[in-house]
Amino acid sequence: MMRGKRRIKLRSAEEIAMARQAGALAAEVLEMIAAHVAPGVTTDELDRLCHDFIVNVQRATPANIGYHGYPKTICASVNEVICHGIPSGRRLADGDIINIDVAVIKDGWYGDSSRMYFAGQPNAHARHLVQTTYEAMRAGIQAVHPGATLGDVGHAIQSVAEREGFSIVREYCGHGIGRIYHDEPQVLHYGRSGTGLTLAPGMIFTIEPMVNAGRPETKELADGWTVVTKDRSLSAQWEHMVVVTQDGFEILTPWPDGHGDYAPIQAGVAPATGAAAM
């Protein structure tokens with residue numbers, strides 16, 4: 001969470017191009033690591049692969065290392081870990097779900113994105129949580145257009161999650177991003193339609209809902225970073241960077257490998273009101 005208030009920046013075409021470049025690199029890391037997520041691999045191994053790819057292939061800078069003392073390149077959040085899971089010697093087990101969150105710096109601009117992965121074959125409940133969380137993010141992004149409000153975005157996300165019996169984490173949110181990693185505005189993943197900041201072309205921010213299978217309460221572990229569900233239920237998260245355009249939005253962290261089994265995210269599509277697509 002961020003403290004204080006800073007002016008919301010409206011980015012020029014040149015600035016958006018720089019953010020687009022950084023965002024594409026973050027998405028490329030997440031594409032690269034997908035083939036390595038499997039039972040038996042450690043989250044430290046995944047971290048090393050991402051670090052080496054960012055530094056040696058992309059010629060970029062891992063943004064997370066040293067950020068407020070964080071020690072690793074990625075956040076690797078497994079099962080009941082909501083966010084900020086520190087990579088370690090823990091080996092993934094068959095059926096685990098994992099969120100990998102990565103941020104890079106390229107030419108002074110930040111790119112930030114996360115995806116969910118399956119280690120082996122998760123059960124139907126875990127798959128449903130992951131799918132629903134994706135649909136919640138998708139609904140939130142599709143609510144973005146000039147004149148909409150951040151309350152519209154939060155309401156769209158919350159509606160998808162809660163109609164499936166899941167809960168929204170309240171303590172952590174999306175954020176503005178550019179030359180500053182975590183900037184204004186704060187993007188809540190719940191809310192009332194028609195409330196909050198009115199969106200305007202040139203605003204860049206992340207939408208990154210964290211959805212729990214059980215209750216929404218969180219607990220931070222003794223390492224000062226890892227956040228878990230208080231009831232130890234599963235949690236899932238997806239994240240994209242978006243920019244508000246003249247007639248909708250553009251995703252700045254599009255997946256190089258396409259949407260796979262997930263529905264495309266399209267401008268001009270109203271958030272769904274029925275059951276989440278499965």
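What's counted below: heavy atoms across the whole structure, side chains too, no hydrogens, waters or symmetry copies.
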Salt bridge flag under 4.0 Å for residues R91 and E45: yes
Stacked cation flag R138 on Y262, 6.0 angstrom / 45 deg: no
Centroid separation Y70 to H84 less than 6.0 Å: no
Distance flag, aromatic centroids of W255 and H240, threshold under 6.0 Å: yes
Aromatic ring proximity H128/F166, centre distance under 6.0 Å: yes
Salt bridge present between D101 and R115 (N-O < 4.0 angstrom): no
Other ILVMFWY residues reachable from M18 by side-chain steps of under 4.5 Å: W109
Option among I54, D112, T253 that satisfies the side-chain contact (heavy atoms from CB on, under 4.5 Å) test with V102: I54
H182 ring center within less than 6.0 Å of Y67 ring center: yes
Pairwise ring pair (Phe, Tyr, Trp, His ring centres under 6.0 Å) hits with a residue in residues 12-56, at least two apart: none
Verdict with reasoning, D183 to H175, per side-chain contact (heavy atoms from CB on, under 4.5 Å): CA-CA 6 Å; D183 206 349; H175 53 88; over 6 Å; no
side-chain contact (heavy atoms from CB on, under 4.5 Å) evaluation trace for T229 with I82: CA-CA 6 Å; T229 54; I82 297 169; 3.7 Å; yes
Set of residues satisfying side chain to side chain donor-acceptor pair (under 3.5 Å) with respect to D107, sequence neighbours excluded: Q21
Residues R20 and E250 bridged, charged N to O under 4.0 Å: yes
